[in-house]
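First the proteins, then the strands, lettered A, B, ... as listed; each starts at 1. Values below: every heavy atom of this structure, side chains too, minus hydrogens, waters and symmetry copies. All of these numbers come straight from a predicted model, not from anything done at the bench.
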Amino acid sequence: MSNASDSAATPAAPSGQHEQQHDQYDVAAIEARWLPYWEQEGTFVAAEDDERERKYVLDMFPYPSGDLHMGHAEAFAIGDVPARYARLRGYNVLHPIGWDSFGLPAENAAIKNDAHPAEWTYRNIDTQASSFKRYAISADWTRRLHTSDEAYYRWTQWLFLQFHQRGLAYRKDSPVNWCPKDQTVLANEQVVDGACERCGTEVTKKSLNQWYFAITEYADRLLDDMDQLSGRWPERVLAMQRNWIGRSTGASVRYTIEPAADGADVEPVEVFTTRPDTLYGVTFMVVAADAELAEQLVTDQHRGELEAYREQLGSVSDIERQSAERERTGVFLGRHAIHPLTGERLPVWASDYVLADYGTGAVMGVPAHDQRDLEFARAMGLDVRVVVDTGEDDPVETGVATAGEGAAINSPAWEGRDKAAAIERAVEVLAEQHVGEATVNYRLRDWLLSRQRFWGAPIPIVHCETCGEVPVPEDQLPVQLPDDLRGEQLSPKGRSPLAAAESWVRTSCPSCGGAAERDTDTMDTFVDSSWYFLRFLSPHDDSQVFDVEAAKRWMPVDQYVGGVEHAILHLLYARFFTKVIHDLGLIDFDEPFSALMNQGQVLNGGRAMSKSLGNGVDLGEQLDAYGVDAVRLTMVFASPPEDDVDWADVSPSGSAKFLARAWRLAQDVSSAVGVDPADGVAGLRATTHRTVAEVEQLVEAQKFNVIIARLMELVNAIRKEIDAGAGGADPAVREATEITAQILSLVSPYTAEDMWAVLGREPSVANSSWPVVEETLLVDDTVTAVVQVKGKLRDKLAVPADISAEDLEAKALALPKIQKYVDEGGGVRKVIVREPKLVNVVTG
RNA sequence: GCCCCCAUAGCCCAAUCGGAAGAGGCAGCUGAUUUAAAAUCAGCACAGUCUGGGUUCGAAUCCCAGUGGGGGCACCA
């Protein structure tokens, strides 16, 4: 069972010997034969002037972290199936490849090795590119791109300027997530459980002036347009995006604030609530302790207490603060708000359970019907007033708030109404009194895009003392990265390394010509990957961001393939970019990916492969041991594409065995090219055409693993026919074997190509035409009908396939066994007939 | 706490519309071939579909409740 002992690991035969070795399946020789051929012939180049119907099949492009690994092997084997299938079905297929080549690892490697990030990056890209070529992805290499190329990031900067011009890229001061280890800010999406997604360091808050994309302006469209993706994207990805956007509808309510003893006027405070129906249950108001609002509201007598409270909070980490069991804390601000409907005086408190950056940073306290408010009220001795009768016990006694449905009580303006009707009426009342209105709030925040790191696209903005923030004119793009920084000069210092390149920073203002400074931050690398699928349309065009005419022809992407780890970040950002680019008038669609497939992970022994577990499997070793085709076949066959593949559960040696078995069939075909399959044995022909018909459905349904199972059956059937049936000269055997090569080419291109050549056909099998199913071969003359009595199988019956319901029923009822059961059951009550396959006799 | 997905043989997994529970593979066993082994070939066995209800002539499939596993969001008002 050890890999090393597997016979598929036979070293390559010297070239030129394969003619003599045709009875031996020699993986290395077959790979060596076809790889250069495809490259020379440009077999997979997508033509612009080809007017056949088009398909754009895209794998999420890789980050160049070292060589390819098992995860790449799975993803790209799976992504190649729809691409190759479309090609066989006669589509003009675009299946490009490139690299997402900006990012932190390159920079860290550069610091460590006293080098420039570009050196590490492009070396890794070269390594991966040659591995990809060997892996025989049917990619169009002429469109290869790297996001770290000037020719690419120039247009990333151009897009930034378009966003900026429309007010969608802006700067603001805000507390932001800060990773102390990477010394850079992070987007909300990059903070997982309070820690940096990349390095795991606990994230702190820092108040900084940063660049943002106004993705929240697109929140509704991002949410609502998911309807058109339903059924074509995995449901869980859509669910994750819905969660992330977190739209909640409710009302904003304005509370006037009672002037303090010192007489100073205070602005009204607006709060957001999803439960305006509980308005009569409000007994207090709480503002976020860390919000400016708290400072504005606190009276002089209580200012000291607020400051002490804030100081105390500073020592509490985010993770601790979010723990559910924490006691409610807070301070009274010495101030009262006026209830907009009752005129009651409501004490205003500050607490850390209210978030400063959601809604308005203030909430109305409804302790009877909100658990958090109830806990706070109990801790502070505040009133609890029940205004919804849910039929549950009094929250005051149980300590459990009743958040469910029920009739409104103690609510004069909507007494007795159920939740929905009460909410509706409450919003009306608020509007009539001019104290509130229906409002929508989102969990989604604007996308923080600036990074204080080197290896990214510089933000094309110049800061001028007289003109302020000035965009770099488009004809001066790209703003190139300075090339004289390397090694230690790139180490994180809490501000961008670009700031150290003084001659780079010093520039003149594009507007007034005076002395000015460049913005020293670079863009989040997710910006780069938010539009690369468009750049693939015209990667060498230096006159425009992408060819808008080509976009009409190719976009949107018909099939996007990638890991579920990008469910929120990349996919949400790419959708956002597409909508903005749509609004810029460059494209006429507003969703980039019509269909999405998530492939699973590759595990080993039930766990993700990792260095610390020591369970890593080296892709190169697997390829050397079993061959590219066997590894690809194993990946596809192991499970449905979206499921994880556990390398400990699968058998690449079994795959290699199957490939050899399939390949040998081609050796045994002795009929000439072009013989009429109609002259061949009928049984095998029926199996063949049934397989083709089924494979068509299986590709559409993305059940790629089952394709392999069907192919194995076909191979078994051909073997049987050759050895114990009509023999290798039968035309049906040739037809079946040719089709085997075609189906196999979806997954194991080398073996398939070689079979195709051995069969005497012109390469490439990848561009051959998909077999036409002969429908007449799919229908049997006779079928087996099952006969049930009360749903239990009691007998079987061979009948003509076109039997009528009446005849089938008569035949079934005439069966002696059935008569026996019918008699025992007390006679026929009803007969269900589904001709020609089933009869169910109901007795009694 | 809220939401999404999943559960079929020792293991990975099939099963169009609700119509015979089993296609394929792995591991296992038997045999042929072989001096032997490998490779190859032929064959065998193993579950009644997580549990409990319901709908139906008929449920792996639909509905309800639960158990177990995976995932997302979460002091978001």
Report the nucleotide, chosen from [options], that has the shortest atom-to-atom distance to any side-chain atom of [X].
| X | options | value |
| --- | --- | --- |
| A:K796 | B:G72, B:A20, B:C11 | B:A20 |
| A:A239 | B:A20, B:C4, B:C73 | B:C4 |
| A:S639 | B:C57, B:A14, B:C12 | B:C12 |

First of A:G791 and A:R445 reached from the 5' end of RNA chain B, by closest nucleotide: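 In this pair, the answer is A:G791.
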
What about [X], does its side chain sit under 3.5 Å from the base of [N] through a donor-acceptor pair?
| X | N | answer |
| --- | --- | --- |
| A:R710 | B:A23 | yes |
| A:R829 | B:C57 | no |
| A:Q788 | B:G19 | yes |

Salt bridge (charged side-chain N to carboxylate O under 4.0 Å, His left out) involving A:E437 - partner list, sequence neighbours excluded: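 For A:E437 the salt bridge (charged side-chain N to carboxylate O under 4.0 Å, His left out) partners, ignoring immediate neighbours, are A:R254.
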
A:D224: what forms a salt bridge (charged side-chain N to carboxylate O under 4.0 Å, His left out) with it, not counting sequence neighbours?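 Salt bridge (charged side-chain N to carboxylate O under 4.0 Å, His left out) list for A:D224, sorted by chain: A:R247.
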
Could you tell me whether A:Y573 and A:W447 have their ring centroids closer than 6.0 angstrom?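 Yes; A:W447 has its ring centre under 6.0 Å from that of A:Y573.
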
Students often get this wrong, so: under 4.0 angstrom with heavy atoms, is A:R236 touching a base, only sugar-phosphate, or nothing?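 A:R236: backbone/sugar contact only, no base atoms under 4.0 Å.
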
May I ask you to say what A:P234 touches in the nucleic acid, namely base, sugar-phosphate or nothing, with a heavy-atom cut-off under 4.0 Å?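 Answer is nothing: A:P234 stays at 4.0 Å or more from every strand.
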
Any sub-3.5 Å donor-acceptor pair from [X]'s side-chain atoms to [Y]'s backbone N or O?
| X | Y | value |
| --- | --- | --- |
| A:R275 | A:A403 | yes |
| A:R632 | A:V747 | yes |
| A:N840 | A:I832 | no |

Using a cut-off of less than 4.0 Å, is there contact between a side-chain N or O of [X] and OP1 or OP2 of [N]?
| X | N | result |
| --- | --- | --- |
| A:Y353 | B:A77 | no |
| A:K790 | B:C57 | no |
| A:N705 | B:A14 | yes |
| A:R443 | B:A74 | yes |

Using O4'-C1'-N9-C4 for purines and O4'-C1'-N1-C2 for pyrimidines, with syn meaning within 90° of 0, is B:C44 syn or anti?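 What B:C44 shows is an anti base, its glycosidic angle lying more than 90° from 0.
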
Syn/anti state for B:G53 [syn: chi within 90° of 0]: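 In terms of base orientation relative to the sugar, B:G53 is anti.
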
For RNA chain B, what are the stems built from at least three Watson-Crick or G-U pairs in a row, each pair having both distances below 3.5 Å?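 Stem list for RNA chain B: B:1-7 with B:67-73, B:10-12 with B:24-26, B:28-32 with B:40-44, B:50-54 with B:62-66.
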
